Undergrad: 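Below you will find the structure I want to go over with you.
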Amino acid sequence: MAATNSKVVQIQNLNGETNRYVKVSARIPDFLKVYGPDKGYRVLSQATDYLDFAQGRKELCVALAAQGKLPEQHIKEFMEERRVVFKSQLVDKEGNVVAESSAIKAVCVVVN
């Protein structure tokens with residue numbers, strides 16, 4: 001098993017298969033050699049509430065809640081089990097998007 005401060009870790013997936021994963025902190029220096037600011041590249045990142053990203057779903061939830069027709073399970077999801085959309089773009093010195101990536105992650109919002 002790899003040491004806790006190792007740059008490479010083994011991750012076991014749900015199927016029981018083990019995969020080698022190089023930590024982001026170990027990959028950054030190689031990335032910057034090719035796509036660093038000194039080469040004219042920049043990374044743009046944005047985090048957006050999923051409901052703002054999915055405007056139609058947000059409007060539907062608000063309308064149903066206003067009419068008292070939003071089932072309790074959906075109210076809980078709407079209020080507590082929020083998701084955030086993370087989007088990043090790699091942009092070259094001419095302003096062209098070279099690559100982009102996005103991910104949706106759950107966040108917990110505590111409502112008192």
Side-chain angles (χ1 to χ4, degrees):
M1 177 174 256
T4 57
N5 63 353
S6 173
K7 293 182 180 188
V8 179
V9 294
Q10 303 292 326
I11 297 177
Q12 190 173 43
N13 66 22
L14 295 175
N15 296 329
E17 300 166 338
T18 301
N19 298 298
R20 182 176 175 269
Y21 176 79
V22 179
K23 293 180 180 178
V24 172
S25 60
R27 297 190 313 246
I28 288 175
D30 289 335
F31 177 84
L32 291 174
K33 285 179 189 174
V34 178
Y35 300 107
D38 59 325
K39 307 263 192 279
Y41 290 92
R42 58 196 166 114
V43 174
L44 304 176
S45 298
Q46 176 184 12
T48 307
D49 185 304
Y50 176 73
L51 290 175
D52 289 336
F53 186 73
Q55 194 64 35
R57 181 170 187 242
K58 180 179 180 179
E59 291 170 2
L60 177 62
C61 287
V62 169
L64 289 172
Q67 296 174 18
K69 296 180 179 178
L70 190 62
E72 186 175 324
Q73 67 192 44
H74 294 298
I75 292 173
K76 181 180 178 184
E77 177 184 339
F78 184 66
M79 296 303 294
E80 297 174 4
E81 298 176 9
R82 304 295 292 271
R83 292 176 178 82
V84 176
V85 178
F86 297 95
K87 182 178 178 182
S88 294
Q89 296 178 317
L90 178 63
V91 180
D92 67 14
K93 60 184 170 186
E94 287 82 31
N96 300 309
V97 175
V98 176
E100 65 183 1
S101 178
S102 62
I104 298 175
K105 297 292 179 185
V107 294
C108 180
V109 176
V110 178
V111 178
N112 290 328

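None of these values were measured; they are calculated from a predicted model. By convention here, the first residue in the shown sequence is residue 1. The figures here come from the full heavy-atom set of this structure, side chains too, leaving out hydrogens, waters and symmetry mates.
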Undergrad: What residues form a side-chain hydrogen bond (donor to acceptor under 3.5 Å, both in side chains) with Gln12, not counting sequence neighbours?
TA: none
Undergrad: Treat each ILVMFWY residue as a node, draw an edge where side-chain heavy atoms are under 4.5 Å apart, and state whether Ile28 and Tyr41 are in one component.
TA: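 In one cluster: yes.
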Undergrad: If the condition is side chain to side chain contact (heavy atoms under 4.5 Å, CB included), which residues does Val34 pass it with, not counting sequence neighbours?
TA: none
Undergrad: Counting only N and O atoms by type, is there a donor-acceptor contact under 3.5 Å from the side chain of Lys23 to the main-chain atoms of Val9?
TA: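 No; judged by distance alone, with no hydrogens or angles, the pair does not exist.
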Undergrad: Does Ser45 have any side-chain hydrogen bond (donor to acceptor under 3.5 Å, both in side chains) partners at least two apart in sequence or in another chain, and if so, which?
TA: Ser88
Undergrad: Pair up each side-chain donor or acceptor in residues 93-100 with any protein partner under 3.5 Å, not counting sequence neighbours, and list the distances.
TA:
from	atom 1	to	atom 2	distance (Å)
Asn96	ND2	Asp92	OD2	3.3
Glu100	OE1	Gln89	NE2	2.9

Undergrad: For Phe31, check ring pair (Phe, Tyr, Trp, His ring centres under 6.0 Å) against everything at least two apart and list the hits.
TA: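 With neighbours one apart ignored, the set is Tyr35.
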Undergrad: Of the non-hydrogen atoms in Val43 and Leu90, which two are nearest, and what is the gap between them?
TA: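 Nearest heavy atoms, Val43 then Leu90: CG2-CD1, 4.0 Å.
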Undergrad: For Asp30, check salt bridge (Lys or Arg N to Asp or Glu O under 4.0 Å) against everything at least two apart and list the hits.
TA: Lys33
Undergrad: Taking Val8's backbone N and O only, do any of them form a donor-acceptor pair with Arg20's side chain (distance below 3.5 Å, no angle check)?
TA: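 Answer holds: no.
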